[in-house]
Amino acid sequence: MDYKKVASQVIEAVGRDNMVAAAHCATRLRLVLKDDQKIDQAALDNNADVKGTFKTNGQYQIIIGPGDVNFVYDELIKQTGLSEASTEDLKQIAAGNQKFNPVMAFIKLLSDIFVPIIPALVAGGLLMALNNFLTSAGLFGPKALVETYPAIKGLSSMIQVMSAAPFIFMPVLVGISAAKRFGANQFLGAAVGMIMTTPGLIEGKYWNIFGLHVSQTNYYYQVIPVLAAVYILSILEKWLHKKLPDAVDFTFTPLISLMVTGFLTFVIVGPVMRGLSDAITNGIVWLYDTLGFVGTGVFGLLYSPIVLTGLHQAFPAIETQLITAFTQNHTGYGDFIFVVASMANVAQGAACFAVFMLTKNQKMKGLSSSATVSALLGITEPALFGVNLKLRFPFFCALIGSGIASAIAGLTHVIAVSLGSAAFLGFLSINAKSIPLYVMCELISFAVAFALTFFYGKTHADLVNPEVAATAASAAQASATSSQVEAASEMVADVADVDNENIAAPVDGQVKDLGDVNDQVFSTKLMGDGAAIVPSDGTVYSPVDGQVTVAYETKHAYGLKSKDGAEVLIHIGIDTVNLKGEGFESFVKQGQTVKAGDKLGTVDLAKVKAEGYDTTVMVVVTNTNNYASVNRLNVTDVKHGDNVVAVTTK
């Protein structure tokens, strides 16, 4: 890579005078810009040395890759004269440049609270769906499975108890997550949730407190009341920490905070917030009941644009209320938001797949293939931002497919009874009797979006393959095409030199999909495919025989090239570059030869967690495009040295 040239191209694309500040991490340039509208996005998209771009938290991030980004950054600083900044400095600059938007701030607040607890709700929801399979009559015959096979009644009953628990005690989960978000003690947040759901509360009974009758309301399944209660707790706790002497702070701050919060919750906050919660749920149910399939059709048309704004992050708070009302109180129609989201996600995936079938651009082909799979599993950001919005027409074709399928789903009253993967796997969350209709609607969404995108793209080839159209229009371009063929031949020769191999786990821990990582660069696989590991031990080992190509000063990431040609990035934690090496120790240097199992370094997991950072370790094959496939192996708990990723040549 010509670092000076790449830096110049980046500067030209974003605008020299448009840059406020710049920093970099292990994989990407992070820029704060004056005006995002001045970016020449097409120039960056067509730059072979740029692996992708995205905007988050006021920063425009350009993915260059490990081992190269620091040199490009150095050149960018030289050419622009900007002062060097850390990623933490950049966050503060970006925050200062952003205009406060109360609506988006509230949505981000809900997202921060609900995203961590969604796995528990999904697990409970899928268990609920499994119990529906066992207890629904007419699904596998005239009788339910528990009636046909009485021996499984006990199992069904156990599953029902397990499925209900996360929803019954949802205030405890929300209390923990909300306390963390509001800066309160998480265990006090949990205690507030426990107080609001304790079995000692009896509906219809009252406490007589100095003549004041206070209802013993139980807040099972509730979300909004506990959010308000924990917010009050956080204010009280912080105030008391400042006012009370150290000698009594440890004892009396928790006592006073919990007692005052509990009193206010039962007297004022709980009843008011429960009324608000019920009003929101009833209002949404009324809209669904009144507008019917027309409403779901319009919602289907608008769902993907809503995702672009980030407003969809607020939906889980509403969906849990809809699910609770339907499954526990037998009111409402269930979670139709999940159904609409599934139709929209599948439609965007189908449109992306049509682009894959149409395009001749290898970079777009590789991006659209991985983005299609991601969207069909419920994660649409790669398809939306990486493919469909860039070409525009696939995005709008997908909206039509989503709208039609959502309208049919509304007409046939397809609803979800639990949270889950909003795409093809979403049938597990659907009311058992509606599963065939749900699958039919998903297929309609896919077929309409794919057909519209494919046939429109066929008749407007210049939109999908502008470079091919330009080549056909110019004789001079024909010679350029010949050069491209030669370059492609050289690429194939390089690829042929890469052998099939397995990449081992660099740490002990639990393996999860890269798509589940809470970092857009890794979850969308812009850096390449691989796996993620939640570490149980802080020692990091080499996953391959090869050479250390990058050993960062911050010691949070390593780049290696195996003897068989795989380029592997090991990234320890998310945003841990901000720690500037604290808690990390490295035993290797750039250029050093290592064997699989050699120690690369260590990380103090407890310290990293205490600083508020995610410790997940990403194992990414950064030259994924050189392979026919890069796949995470079907393993969960691993020791270092166990294989986690398999690569296969073209």
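As the structure is a computational prediction, the values presented were derived from the model and not from experiment.
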Item to complete: Measure from the side-chain N and O atoms of S177 to the backbone N and O of V174, and report whether any donor-acceptor pair falls under 3.5 Å.
Response: no
Worksheet, complete the sentence: Hits for side chain to side chain contact (heavy atoms under 4.5 Å, CB included) against E567, two or more places apart or cross-chain, chain-then-number order -> K561, T622, N623
Fill in: Side-chain touch L633/V645, heavy atoms, less than 4.5 angstrom
no
Fill in: Any side-chain heavy-atom pair of T197 and N218 under 4.5 Å
yes
Worksheet item: Should the heavy atoms of other residues, nucleotides or ligands under 6.0 Å from CD of Q160 be counted, would the total exceed 12?
Response: no
Item to complete: Measure from the side-chain N and O atoms of N345 to the backbone N and O of A422, and report whether any donor-acceptor pair falls under 3.5 Å.
Response: yes
Fill in: With K563 via salt bridge (Lys or Arg N to Asp or Glu O under 4.0 Å) - residues at least two apart
D545
Worksheet entry | Heavy-atom closest contact (P171 atom, I168 atom, distance) | CD-O, 3.7 Å
Discussion item. Quick check: do N625 and Y627 have side-chain heavy atoms less than 4.5 Å from each other?
Written reply: no
Worksheet item: Any idea which heavy atoms bring A531 and L514 closest together, and the distance?
Response: O-CD1, 3.5 Å
Worksheet item: So, D637 and K512, do they make that salt bridge, N to O below 4.0 Å?
Response: no
Practice prompt. Answer whether the closest heavy-atom distance between the side chains of V550 and Y558 falls below 4.5 Å.
Written response: no
Discussion item. Distance check, rounded to the nearest 0.5 Å: E611 atom CD versus L579 atom CG?
Written reply: 6.0 Å
Worksheet item: Taking only residues two or more places apart in sequence, or in another chain, which ones meet D519 in a side chain to side chain donor-acceptor pair (under 3.5 Å)?
Response: R28
Fill in: Student check: side-chain heavy atoms of K609 and T615 closer than 4.5 Å
yes
Worksheet entry | Sidechain-backbone polar pair: S342 side chain, F338 backbone, donor-acceptor under 3.5 Å | yes
Worksheet entry | Partner set under ring-ring contact (aromatic ring centres under 6.0 Å, His included) for F427, not counting sequence neighbours | none
Worksheet item: Can T265 and Y219 be counted as having a side-chain donor-acceptor contact under 3.5 angstrom?
Response: no
Practice prompt. Using modelled atom types only, decide if a donor and an acceptor are shared between the side chain of R181 and the backbone of A184 within a distance under 3.5 Å.
Written response: no
Worksheet entry | Minimum side-chain heavy-atom gap V621-T624 below 4.5 Å | yes
Worksheet, complete the sentence: Heavy-atom closest pair (S542 atom, V544 atom, distance to 0.1 Å) is OG-O, 2.6 Å
Worksheet entry | Qualifying ring-ring contact (aromatic ring centres under 6.0 Å, His included) pairs with a residue from residues 507-533, counting only residues at least two apart or across chains | F522-H571
Worksheet item: Who passes ring-ring contact (aromatic ring centres under 6.0 Å, His included) against Y541, sequence neighbours left out?
Response: H640
Response to the item:
Contacts of F182 meeting ring-ring contact (aromatic ring centres under 6.0 Å, His included) (sequence neighbours excluded), chain-then-number -> Y231
Discussion item. Using modelled atom types and a 3.5 Å cut-off, is there a donor and acceptor pairing between side-chain atoms of D642 and backbone atoms of K639?
Written reply: yes
Discussion item. Hydrogens and angles aside, do S562 and E501 bring a side-chain donor and acceptor to less than 3.5 Å of each other?
Written reply: yes
Response to the item:
When every non-hydrogen atom of V617 is compared with those of P535, the smallest separation belongs to CG2-CG, 4.1 Å
Discussion item. If we ignore hydrogens and angles and just use 3.5 Å, is the side chain of T372 paired with the main-chain N or O of S368 as donor and acceptor?
Written reply: yes
Practice prompt. Would you please name every residue forming a ring-ring contact (aromatic ring centres under 6.0 Å, His included) with F252, sequence neighbours left out?
Written response: none
Item to complete: Please answer whether the main-chain N or O of T616 pairs with a side-chain N or O of D614 as donor and acceptor at a distance below 3.5 Å.
Response: yes
Worksheet item: Any donor-acceptor pair under 3.5 Å linking the side chain of E237 with the backbone of N185?
Response: yes
Fill in: Any pair counted as salt bridge (charged side-chain N to carboxylate O under 4.0 Å, His left out), so long as it reaches residues 158-171, sequence neighbours left out
none
Worksheet item: When rounded to the nearest 0.5 angstrom, what is the spacing between CG in L560 and CD in Q592?
Response: 10.0 Å
Worksheet item: Under the side chain to side chain donor-acceptor pair (under 3.5 Å) test, which residues partner S523, sequence neighbours left out?
Response: none
Discussion item. Quick one: does any side-chain atom of Q186 pair with a main-chain N or O of K180 as donor and acceptor, under 3.5 Å?
Written reply: no
Worksheet entry | Non-neighbouring partners of N70 that pass side chain to side chain donor-acceptor pair (under 3.5 Å), sequence neighbours left out | none
Fill in: Student check: side-chain heavy atoms of Q61 and L31 closer than 4.5 Å
no
Worksheet item: Taking all non-hydrogen atoms of both residues, which atom of A532 and which atom of D513 are closest, and how far apart?
Response: CB-O, 4.3 Å
Discussion item. Under the rule for side chain to side chain donor-acceptor pair (under 3.5 Å), what residues qualify as partners of D604, not counting sequence neighbours?
Written reply: none
Worksheet item: Taking T549 for the side chain and G559 for the main chain, is one N or O donor matched with an acceptor at less than 3.5 Å?
Response: yes
Worksheet entry | Heavy-atom side-chain contact between I503 and N643 under 4.5 Å | no
